[in-house]
Number of protein chains: 2
Amino acid sequence: MTTLCVYDLEIRSMELHLQIKMNEKLFVRNPEQTELGRKIIEFSIRLIHENGFEAFTFKKLAEVIGSTEAGIYRYFENKHRILIYLTAWYWSWLEFRVTFHLNNVSDPSIKLKKLIQLLAANVVDDDSTLYVDESLLHQIVIAEGSKAYLTKHVSEDNKDRLFKPYKDLCSLIAAIILEYNPAYTHPRSLATTIIEMANLQMFFMHHLPALTDFGQSKDEQLVVEFLEDLVFCSIRK
Amino acid sequence: MTTLCVYDLEIRSMELHLQIKMNEKLFVRNPEQTELGRKIIEFSIRLIHENGFEAFTFKKLAEVIGSTEAGIYRYFENKHRILIYLTAWYWSWLEFRVTFHLNNVSDPSIKLKKLIQLLAANVVDDDSTLYVDESLLHQIVIAEGSKAYLTKHVSEDNKDRLFKPYKDLCSLIAAIILEYNPAYTHPRSLATTIIEMANLQMFFMHHLPALTDFGQSKDEQLVVEFLEDLVFCSIRK
DNA sequence: TTAAAATGATAGTAATACTACCTCATAAAA
DNA sequence: TTTTATGAGGTAGTATTACTATCATTTTAA
């Protein structure tokens, strides 16, 4: 299995910089390598978070970063590609975090608990990436993430490996599930259920509370409890 | 609890006609009451199924039904409202089917099994509705359904009760779960998990098979098995 | 030094989303 | 019978969005 997304940890003057290597098919020109490109990332996150993906346009983005529409088209084919880029970035970042936090943990049940915590708890911007606000990006993934693959061209995009970071995270979780119980028959489907439900229950809790059991409190820890219950009941030997 | 969506079963010359009463806020003019309105429903289902929701426009719709854009705006505020209408219709129809099939079933575990079957199995157009192809509509709900609520105006739409059919189905399922095990703590979240995963695992199975455990066979019965396992493990006393 | 490539701004086009206004048919009121 | 109201649907727009072609300038590479 070849890996297109790897991580770089650079130590520069006592600061830790995390660089995520993105699939080249995601963009026309790599936005991480120029000032304008980084501004595109930084401000598309802000704009999509603020007004939603439907209201997000290259014109508005160009205005806030002091550039032009054509300038942005040089980096991304269209706004949907930016959404795929951002979600792919998020899943790569999350996989890194998971790997990092599960380092030296041997008990698969503790691994799963930590994992669910990382998936369902609110994210705090970690400052190790300069132009990506992970907290806002997490909100975007919750509210817009599934639009990245719910399209008519999902299969072509998949052939270009645009969803590899999501699949890698899914594989990682499935492996831990099998570690806990090698006889469990649906590790991948359970993995995507955890990922998707961590996001969706959070969205429902805030916007359609009647669809959840944690409407009043709006405490994300309750989502964690729900998921732990769901997972451990299912994979119990 | 007031009910905005109820069902009418009419017997006309030996045929059974199912009429679903829709929330008036969903449309500008009730599309069920005119020939043009019914064509809008029938052909928006076909067009969205064929080209996806993003590529669906009022102009294209007007062309295929031999009308004009302005004519369609008389029935629906915008294309997003059509999507909400279609999904609301689908959830009402499904709730009716569930109620119908669970009639006279007393064992909650059989109820849950039948329910999962109805949610996850492919739908066949049932001919009791003349201008709605339920099979195509099911495909639309799988691929586009979540876009109905994943918006910035979800809370206002929710205040107008546009998602009531979805919530009603959720309540119905939650009630059966509690019937099976009154001590279960997350009946609503589990209900939405069943609904959403029935659709999403089906989508992944066909388009992103690496995210599931039923990639090769593409047999929806495997989704049913996964969901049954997930549900019964969770609510087991 | 000079050609090629990259960068970015200007100025368009085509399609989309939406609106204002017009016409016609029907049907109730005078 | 005539008048007026009502709602059906159509015509012809505008503003915005998505995207492209072209030009000018800077950077880089031979």
Less than 4.0 Å between a side-chain N and a carboxylate O, is that true for A:R161 and A:D168? no
Charged N-O contact under 4.0 Å between B:E95 and B:K164: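 Between B:K164 and B:E95 there is no salt bridge, as every charged N stays at least 4.0 Å from the carboxylate O atoms.
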At 4.0 Å (heavy atoms only), tell me whether A:F76 reaches a base, stays on the sugar-phosphate, or touches nothing. nothing
Need one value for A:T57: base, sugar-phosphate or nothing, where a base atom within 4.0 Å counts as base even if backbone is also close, heavy atoms only.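 Sugar-phosphate, no base atom in range.
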Taking the six-membered ring of B:F100 as reference, does the cationic atom of B:R97 (NZ for Lys, CZ for Arg) lie under 6.0 Å from its centre and within 45° of its axis?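 No cation-pi geometry.
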Does NZ or CZ of A:K79 lie under 6.0 Å from the centre of the six-membered ring of A:F53, at an angle within 45° of the ring axis? yes
Rounded to whole angstrom units, what separation is found between the [atom1] atom of [X] and the [atom2] atom of [N]?
| X | N | atom1 | atom2 | result |
| --- | --- | --- | --- | --- |
| A:N51 | D:dT16 | CG | P | 15 Å |
| A:F58 | D:dA18 | CZ | C1' | 9 Å |
| B:N78 | D:dT16 | CG | P | 17 Å |
| A:H80 | D:dT17 | NE2 | P | 18 Å |
| A:E69 | D:dT22 | CD | C1' | 16 Å |
| A:E54 | D:dT17 | CD | P | 13 Å |
| B:Q33 | D:dG9 | CD | P | 12 Å |

Will you find, in the side chains of B:Y75 and B:T34, an N or O donor that is under 3.5 Å from an N or O acceptor? yes
Could you check whether A:T192 and B:Q201, counting side-chain N and O atoms only, form a donor-acceptor pair closer than 3.5 Å? yes
Spell out yes or no: do the side chain of B:R74 and the base of D:dG10 have one donor N/O and one acceptor N/O closer than 3.5 Å?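 Yes, a donor-acceptor pair under 3.5 Å.
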Tell me which residues in residues 34-49 of chain B put a heavy atom below 4.0 Å from DNA chain D, sorted by number, or none.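 Per residue number, the list reads B:L36.
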Of the candidate nucleotides D:dG9, D:dT17, D:dC19, which contains the atom at the shortest distance from the side chain of A:K60? D:dT17
Test ring pair (Phe, Tyr, Trp, His ring centres under 6.0 Å) on A:F204 and B:Y149; report intermediate values, then the result. CA-CA 10 Å; A:F204 285 160; B:Y149 55 75; 5.4 Å; yes
5' to 3' contact window, DNA chain C with chain B (heavy-atom distance under 4.0 Å): C:dT16 to C:dC21
Can you see which heavy atom on B:L119 is nearest to which on B:H138, and at what distance?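 Closest approach of B:L119 to B:H138, heavy atoms only: O-NE2, 4.1 Å.
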Under 4.0 Å: is that the gap between some side-chain N or O of A:K79 and OP1 or OP2 of D:dA18?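 Checking D:dA18 against A:K79, a side-chain N or O does come within under 4.0 Å of OP1 or OP2.
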May I ask you to decide if the ring planes of B:W89 and B:W93 are parallel, tilted or perpendicular, using 30° and 60° as cut-offs?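 B:W89 vs B:W93 ring planes: parallel.
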